[in-house]
Amino acid sequence: MITLGIEGTAHSIGIGIVKGRNDSCSVLSNMIRTYRPEKGGIHPREAANHHVTYIAELIKEALQQAHIPAQDVDLISFSQGPGLGPCLRTAATAARALSLKLHKPIIGVNHCVAHLEIGRGVLPECTDPVLLYTSGANTQVIAFAEGKYRVFGETLDIGIGNCLDKFGRSLQMPFPSGPRIEQLAKKSTNYLELPYSVKGMDIAFSGLLTAAIHYHKNNKPLGDICYSLQETAFAALTEITERAMAHTEKQQVLLGGGVAANQRLRDMVSIMANERGARFFVPEKSLCVDNGAMIAWLGYIMYQSGVRMEIDDTIINQRFRTDQVEVIWRD
Ligand code: ATP
Ligand code: FE2
């Protein structure tokens with residue numbers, strides 16, 4: 001069965017085509033285009049305008065790369081939430097139009113659950129992980145328990161990616177700043193004290209961000225600040241992930257979200273997993289960031305388990321919570 005997935009929760013518009021056979025996922029194409037504001041943060045309407053501009057040609061490119069005609073698509077899925085209203089509406093409108101034109105069923109999916117399911121889909125040994133989902137807007141520790149994906153811990157203020165990007169923006173670094181901060185951090189091992197906020201299994205970053213900006217204003221070496229920012233934030237993320245693993249007694253950990261590209265974060269979580277005798281998984285980068293393939297894959301497994309939607313059921317949900325989804329495709 002071939003599914004075309006449309007991702008459009010925030011600044012990326014993605015079209016992914018996957019072929020599913022039982023539990024096995026093969027990604028036929030996965031095209032992503034990202035809106036980059038000239039200055040400042042993301043303006044939801046401008047991001048949506050970007051998506052409107054590129055979505056039709058991206059669908060064509062994805063079909064071409066997958067070497068299939070549009071008629072061979074069996075199912076259309078799209079990111080129903082959570083995310084920015086104008087962006088979500090753009091993806092949903094395109095999905096509805098495709099579904100009606102091709103006379104194919106449509107399924108709206110939860111974006112956060114898709115980040116987890118794509119890891120299970122492409123990494124067959126990753127069966128029941130705790131997901132550390134770290135992106136721009138989201139920072140959550142998610143795992144399956146009693147019929148649902150539950151959020152065991154999350155940020156109480158901003159996402160980790162946002163924290164890195166805001167720090168970068170205060171120094172006029174280009175967006176997104178995460179990769180640049182990673183490079184700068186490699187130049188130092190000199191730790192500067194920063195606030196560490198873990199509250200149970202939740203986490204907060206704004207105090208850390210303010211303190212890092214303050215160090216910069218006081219002319220501390222940039223490498224030292226980037227190094228200390230990463231060490232502090234990633235240690236805290238690793239700690240809440242370990243706590244969720246201990247609590248749920250799960251033996252696997254999976255990374256997802258754009259910040260999972262960071263080698264230092266990967267190293268820290270992988271060391272923690274090794275020390276617990278647990279296994280560490282991370283999908284390739286194009287499947288960690290916001291992408292259409294993960295939306296297609298989740299649409300496929302939901303459809304396989306019997307989920308059906310009419311156009312009336314495809315209204316977007318900006319605050320679609322991870323634990324609102326009935327996970328009927330798992331025991
Ligand atoms: P979501 O809508 O799920 O919150 P998003 O729109 O923020 O996702 P992603 O592509 O998942 O999109 O993540 C982007 C974030 O990842 C940015 O904040 C960026 O700075 C960060 N990032 C990318 N590469 C790295 C890296 N090497 N190190 C740290 N952060 C990184
Ligand atoms: Fe995401």
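Indexing begins at 1, ligand by ligand and atom by atom, following the structure's order. Worth knowing before you read on, the calculation uses all heavy atoms, side chains too, and leaves out hydrogens, waters and symmetry mates.
Taking a cut-off of under 4.0 Å to the non-hydrogen atoms of A10, the atoms of ligand 1 that pass are 2 (O), 6 (O). Interface of G161 with ligand 1, defined as ligand atoms under 4.0 Å from a residue heavy atom, comprises 18 (O). Each of the atoms 10 (O), 11 (O) of ligand 1 lies under 4.0 Å from some heavy atom of V289.
Nearest protein heavy-atom neighbour of atom 19 (C) of ligand 1: P176 CB, 3.6 Å. Distance from atom 21 (C) of ligand 1 to its nearest protein heavy atom, with residue and atom name: V259 CG2, 3.8 Å. What sits closest to atom 27 (N) of ligand 1 on the protein, heavy atoms only, is E182 OE1, 2.8 Å. S135 OG, 2.6 Å is the protein heavy atom nearest to atom 4 (O) of ligand 1. Counting only heavy atoms of the protein, atom 15 (C) of ligand 1 lies nearest to G136 N, 3.8 Å.
When only interatomic distances are considered, the shortest N/O to N/O separation between K285 and ligand 1 does not fall below 3.5 Å. On a distance-only criterion, G178 and ligand 1 share at least one N/O pair closer than 3.5 Å. Where the criterion is an N or O separation shorter than 3.5 Å, residue side chain and backbone included, N262 meets it with respect to ligand 1. Where the criterion is an N or O separation shorter than 3.5 Å, residue side chain and backbone included, L164 fails it with respect to ligand 1.
Listed by chain and number, the protein atoms of type N/O/S under 2.8 Å from the Fe ion (ligand 2) are H111 NE2, H115 NE2, Y133 OH, D290 OD1; waters are omitted.
In terms of modelled atom types and a separation under 3.5 Å, the side chain of T53 and the main chain of N49 share a donor-acceptor contact. Side-chain atoms of Q252 come within 3.5 Å of backbone atoms of D128 as a donor-acceptor pair (strictly under, hydrogens ignored).
With contacts defined as side-chain heavy-atom distances shorter than 4.5 Å, the pair E7/M294 qualifies. Side-chain contact between L237 and T139 is present, with at least one heavy-atom pair separated by less than 4.5 Å. With a 4.5 Å cut-off on side-chain heavy atoms, T3 and V73 do not count as touching.
Inspection of the Y35 and H43 side chains reveals no N or O donor paired with an N or O acceptor under 3.5 Å. When only modelled atom types and interatomic distance are considered, H11 and D290 share no side-chain donor-acceptor pair under 3.5 Å. Checked by atom type, the side-chain pair Y149/R321 shows no donor-acceptor distance below 3.5 Å.
Selection from I32, D290, D165 by nearest heavy atom to atom 17 (C) of ligand 1 gives D165. Of the listed residues (A261, A137, G258), the one carrying the non-hydrogen atom nearest atom 23 (C) of ligand 1 is G258.
When non-hydrogen atoms are compared, ligand 1 lies under 4.0 Å from the side chain of H111 (C-beta onward) but not from its backbone. Residue contacts with ligand 1, taken as heavy atom pairs separated by less than 4.0 Å, involve Y133 solely via side-chain atoms from C-beta onward. Using a 4.0 Å cut-off between heavy atoms, T9 contacts ligand 1 through its side chain alone, with no backbone atom that close.
Scored by the side chain to side chain donor-acceptor pair (under 3.5 Å) test, T232 finds Y191 as partners (sequence neighbours excluded). Evaluation of the salt bridge (charged side-chain N to carboxylate O under 4.0 Å, His left out) rule for R45 yields no partner, not counting sequence neighbours.
Seen from the ring of F280, R266 does not count as a face-on cation partner, given the 6.0 Å and 45° thresholds. A cation-pi arrangement is present between R330 and F144, with the terminal nitrogen or guanidinium carbon under 6.0 Å from the aromatic centre and inside a 45° cone about the axis.
H111 and F320 have their aromatic ring centers separated by at least 6.0 angstrom.
Note: L229 CG to D224 CG = 12.0 Å, rounded to the nearest 0.5 Å.
No heavy atom of S12 sits closer than 4.0 Å to any atom of ligand 1.
Residue pairs that meet the salt bridge (Lys or Arg N to Asp or Glu O under 4.0 Å) test with at least one member in residues 139-163, sequence neighbours left out, are K148-E326.
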